[in-house]
J.: 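The following block contains the structure, expressed as structure tokens.
All residue numbers in this chain count up from 1 along the given sequence. Start at 1 and go down the list; that is how both ligands and their atoms are numbered.
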Amino acid sequence: MCRRSPTSFHGLGVSPQGHGDNSMYMIGPGKTWDYVIPIPKDHPPGVYWFHTHGHDFAEHQVMGGLSGTLVIEGFQDEVPATKPLVERMFALKEFSPSSSGKLNKVPKPVNGMIDTIAGQVDPLLTMQPGETQLWRFSGQTANGYYRMRLAGMKLTEVGRDARPILHPHTVDEVIVGPSEQVDVLVTADAAGAYQLVQAGSATGPAGDRFPRQALAEIVVARNPALPEPAPLGPLVINAPDQKPVPGNLIAAHRLVVFSEDPVTGLFFINHQTFDPMRVDLKVPLGSIEEWTIRNSSQELHVFHIHQLGFEVLSINGKPVPFQGLQDTIDVPIHGEVKIRIPFTNPLMVGRFMFHCHILEHEDKGMMAQIEVFDPKTGPMKDMPGMGAGPHAG
Ligand SMILES: [Cu+2]
């Protein structure tokens, strides 16, 4: 590692200040910085992740492997049927090979991407016939979308963005994009060999293509050393904090436009590229706002905001039934997503980011800074937490 960089604790509802989840503090080469992240006792459980967040080189560093999985335990208490199940973590990470086959990281791959599970190419997994397992996908990719299929088997989605969803449903495929988390239940068919594949995905005419690849080999065989798998119990969801955001007192409606310039290769939020010295938006703690995120480009973008979860109200004008709070949402090409954001947890006071989580786009400008301030003391006066700063010597 030869460049300075901060870290983001993606999706956690913790403080963005000081030694906390401070995505602005730049750690120089050879330097040390202690992160202290007190996790509140009532923090929602789930699979989270942490990754490097250096503006201008986040893509390079995350694609080089600088991310990790962070589990806050308790998901199984909220979805009791999953308690007896084998749990598997899938940290989805893409790498880019050079023409000699070595890992290139970035810029742009010349020979397509290598899709891996925690850096392993096509690992072997075992299951027993009829066994159900809990598979927890964590999209730790810089840019890549994994469209996953498992040899015709059904997948039951039970969680998204770390949290149980209120109405689990069965699907033929699961798409996990940059920074998206999805939990699924998988029940093995009869004995045999099966393949989990990335079935091929694309992000639009101006975007990227991610060709089909094998992701993992699944061997289903009876293991006499283990008890016969019990059938899955009733799928009851008990997640009391998965409540819709109240809509009776909306403090502000805002429009956030994602756009890009194919000539300069720059990416914009509301026609501006990111500037770490500029605070784009100041919001008093306690406000609930409704934002329309509009994509006026020819490729997909994925909206993400730090420190909190939001409710998705509609996609392209079509109401979305409430499934739970999210911290990321794909914004369709030439489409828009309406969300309701609770700026209510006192822990979020400070400055943090919202951005497109396709890191190539973030690096080229598609990020903005928000400050949530305590209305009793007013907005901050200086730029704390900049550390060595991206431009310091
Ligand atoms: Cu984007």
J.: Are there any protein N/O/S atoms under 2.8 Å from the Cu ion (ligand 1), and if so, which?
T.: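 Protein N/O/S atoms under 2.8 Å of the Cu ion (ligand 1): H301 ND1, C356 SG, H361 ND1.
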J.: Classify the ring geometry of W291 against F354: parallel below 30°, tilted from 30° to 60°, perpendicular beyond 60°.
T.: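 Because their plane-to-plane angle is over 60°, the rings of W291 and F354 count as perpendicular.
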J.: Check for me whether the distance between the ring centres of H357 and H301 falls short of 6.0 Å.
T.: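 Not under 6.0 Å, so no.
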J.: Using a 6.0 Å cut-off, check whether atom CZ of R209 has over 12 heavy atoms from anything other than its own residue.
T.: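 No, because the 6.0 Å sphere around CZ of R209 holds 12 heavy atoms or fewer from other groups.
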J.: Ring centroids only, cut at 6.0 angstrom: are F303 and F310 within range, meaning strictly under it?
T.: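 Centroid separation for F303 and F310: below 6.0 Å.
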J.: Would you say L150 ends up clustered with L215 if hydrophobic residues are merged whenever their side chains have heavy atoms under 4.5 Å apart, either directly or through other cluster members?
T.: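 Hydrophobic grouping puts L215 with L150.
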J.: Report the relative orientation of the aromatic rings in F90 and W135; use parallel for angles under 30°, tilted for 30 to 60°, perpendicular for over 60°.
T.: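 Aromatic pair F90/W135 classed tilted.
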